[in-house]
There are 2 protein chains.
Amino acid sequence: MILDAQPDMEVVAAVADGAEAVAEARRLRPDVCLLDIRMPKLDGLEVTRALAGPGVENPLRVVIVTTFDLDEYVYGALRSGATGFLLKDSGPTLLIEAVRAAAAGDALVSPSVTVRLLQHVAQPRRAPAPMNDPLTERELDVVRLIARGRTNQEVAAELFVSLSTVKTHLGSIFAKLGVRNRVEIAAWAWESGVVS
Amino acid sequence: MILDAQPDMEVVAAVADGAEAVAEARRLRPDVCLLDIRMPKLDGLEVTRALAGPGVENPLRVVIVTTFDLDEYVYGALRSGATGFLLKDSGPTLLIEAVRAAAAGDALVSPSVTVRLLQHVAQPRRAPAPMNDPLTERELDVVRLIARGRTNQEVAAELFVSLSTVKTHLGSIFAKLGVRNRVEIAAWAWESGVVS
DNA sequence: CTAGAGATCGGCCGTTCGGCCGATGCGGTC
DNA sequence: GACCGCATCGGCCGAACGGCCGATCTCTAG
């Protein structure tokens, strides 16, 4: 009703489950699809992948509308190809704007969800592990290369030092960060924004 | 005018440059500040850092409103502490919603900007290996644990399988992702959002 | 019924990792 | 001059990793 009341919008179909959604969307090819996540037969993420996922030739614009504000849903939806993510408490104004944005190829995400997305995009360096002892600049060089998957040998070559030196630095990093292997170094580097 | 017409909003000040913005915002402490980026004396990003940047004790909510749709502005604004980013062509509806969201501690970003942010958050882009072959659910279980720094032995214990099984899965993952060691798996997991 | 994909296991073997010892130089500070 | 943090190197060794082979079991699709 909200959308049909808009002069520039028309609701062309309403369906009861995910399988119907895929069938009707493929038949009618609407400008925008609104999908709930929890639906019978196929859930919203699977429908999204079918209609707009990577590898689909003429992807439709999909806006997810759901009551469930879970991070796994958000990332799942966006990775599946959704161009919008709305919580059902967003009000009619945002719903209309989200559809209009999707039709234009843009994306509108609920403000309460956006604020969490931005933390992942723009987080300044904050160590997840309590770091009483800061890393030296040289140790950070090693961390950055380790986090990109380089072996000790490759790190040594890229920093123009010997393998022994790299291993010494690694030992210091292990002690300072309180981690036990190089993958935990990589995880720390990604979480703290040392690499991105 | 647009904002003052809202029953739940009141414009308490309007200033001519960045220096004034900082002074008035500190004096009046409004619920939300709207800032342009290009301003005399201090630009919007510097003002944002002063009012809402990392390390500020009682940060204000800042919404950037600008005509310049540049990635460096977007990321700069969000890293500086902005809780919203609007383009001036967004229309009055989104402006009102952005202010309302900011007042609630949420964040609204222009749809045309959001669509680019989402590509950075949700698109697993990997030049050498565009993943023609998706990982199975079990392989993803292994990836998630590996990315958190678990050893093969620990992964085996947590998944209730043998060490051999973990190594077999790892071999498949190496082949599918086109990587050479477990740290590159971790890096892929963080980049693609499999872990966060 | 058959073929294939996926999950599960085992063994062998060379490479890499990480811990632990020690050592040298270089630049600061007290 | 003495001390100390930092970067640089070396050797040794056990554990972990990763490649390569083959194998069984289940489930699904044709």
Side-chain angles (χ1 to χ4, degrees), chain A residues 18-19 22 41-43 46 49-50 53 55 127 129 131-190 194-195, chain B residues 126 128-129 131-190 194-195:
Chain A
V22 174
K41 307 221 177 142
L42 282 178
D43 75 25
E46 295 177 270
R49 272 189 289 274
M131 205 179 17
N132 27 20
D133 218 2
L135 299 184
T136 67
E137 200 46 52
R138 202 57 167 160
E139 287 160 355
L140 279 177
D141 291 337
V142 175
V143 166
R144 278 185 277 264
L145 290 172
I146 292 294
R148 302 206 173 283
R150 304 289 198 280
T151 68
N152 289 348
Q153 199 65 259
E154 290 167 339
V155 173
E158 293 192 41
L159 295 183
F160 302 103
V161 296
S162 81
L163 180 60
S164 298
T165 303
V166 174
K167 293 173 79 171
T168 303
H169 286 316
L170 267 178
S172 309
I173 297 166
F174 286 139
K176 287 185 179 178
L177 296 185
V179 300
R180 308 186 336 283
N181 57 57
R182 55 180 45 229
V183 187
E184 288 190 291
I185 292 181
W188 174 87
W190 287 93
V194 171
V195 295
Chain B
R126 182 141 283 263
M131 237 219 307
N132 26 23
D133 216 1
L135 298 184
T136 68
E137 199 47 52
R138 202 56 167 162
E139 287 162 353
L140 279 176
D141 291 338
V142 175
V143 166
R144 277 185 278 265
L145 290 172
I146 292 294
R148 302 204 175 286
R150 304 290 200 279
T151 68
N152 289 349
Q153 200 63 258
E154 291 167 339
V155 172
E158 293 192 41
L159 295 182
F160 301 105
V161 296
S162 82
L163 180 60
S164 297
T165 303
V166 174
K167 293 173 78 171
T168 303
H169 285 316
L170 267 178
S172 309
I173 296 166
F174 286 139
K176 287 185 179 179
L177 297 185
V179 299
R180 303 178 352 281
N181 58 56
R182 56 180 46 230
V183 188
E184 288 191 285
I185 292 181
W188 174 87
W190 287 93
V194 171
V195 294

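We name chains A, B, ... by the order of the sequence lines, and we start the count at 1 in each one.
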Practice item. Rounded off to whole Å, could you give me the CZ-to-C1' distance for the A:R138 and D:dG5 pair? Key: 16 Å
Could you pull out the protein-nucleic contacts involving nucleotides 22-30 of chain D (nitrogen or oxygen on both sides, under 3.5 Å)?
none

Check your understanding: Would you call B:L170 and B:I185 a side-chain contact if the rule is heavy atoms closer than 4.5 Å?
Key -> yes
Check your understanding: Within less than 4.0 Å of OP1 or OP2 of C:dC9, is there a side-chain N or O belonging to B:S162?
Key -> yes
Review point. Looking only at atom types and distance, does a side-chain atom of B:N181 sit under 3.5 Å from a main-chain N or O of B:E184, one as donor and one as acceptor?
Key: yes
Check your understanding: Can you tell if the side chain of A:W188 reaches within under 4.5 Å of the side chain of A:L135, non-hydrogen atoms only?
Key -> yes
Check your understanding: Would you call A:D141 and A:H169 a side-chain contact if the rule is heavy atoms closer than 4.5 Å?
Key -> no
Practice item. Could you state the atom-to-atom distance from CG of B:L140 to P of C:dG6 in whole Å? Key: 12 Å
Point to revise | Between D:dA16 (P) and A:R180 (CZ): distance, integer Å | key: 11 Å
Point to revise | Side chain proximity check, A:I146 to A:N152, heavy atoms < 4.5 angstrom | key: yes
Exercise for review: Have a look at B:T136 and say if it touches a base, only the backbone sugar-phosphate, or nothing, with a 4.0 Å heavy-atom cut-off.
Suggested key: sugar-phosphate
Practice item. Identify which nucleotide among D:dC9, C:dA7, C:dC9 has an atom closest to any side-chain atom of A:V161, counting heavy atoms from C-beta outward. Key: D:dC9
**Study point:** For atom CG of B:L177 and atom P of D:dG18, their distance in whole Å
**Key:** 13 Å
Study note, to complete from the structure: Separation between CG (B:L159) and CG (B:L145), nearest 0.5 Å, reads 5.5 Å
Review point. Quick one: does A:R182's side chain have a donor or acceptor within less than 3.5 Å of a partner on A:R150's backbone?
Key: yes
Point to revise | Distance test, side-chain N/O of A:H169 to OP1/OP2 of D:dT8, below 4.0 Å | key: yes
**Study point:** Atom-to-atom span, CG of B:L159 to P of C:dC9 - whole angstrom
**Key:** 10 Å
Review point. Which distance, rounded to the nearest 0.5 Å, do you find between the NZ of A:K167 and the OG of A:S172?
Key: 13.5 Å
Revision key, fill the gap. From CD1 of B:I146 across to P of D:dA16 the rounded distance in Å is 13 Å
Point to revise | Interatomic distance, B:E137 CD vs C:dT8 P [rounded to whole Å] | key: 12 Å
Exercise for review: With the side chain counted from C-beta on, respond yes when B:E137 and B:L140 share a heavy-atom pair under 4.5 Å apart, and no when they do not.
Suggested key: yes
Practice item. Could you state the atom-to-atom distance from CD of B:E184 to P of D:dC17 in whole Å? Key: 16 Å
Close N/O contacts between protein and nucleotides 13-17 of chain C (under 3.5 Å):
from	atom 1	to	atom 2	distance (Å)
C:dC17	OP1	A:N152	N	3.3
C:dC17	OP2	A:N152	N	3.4

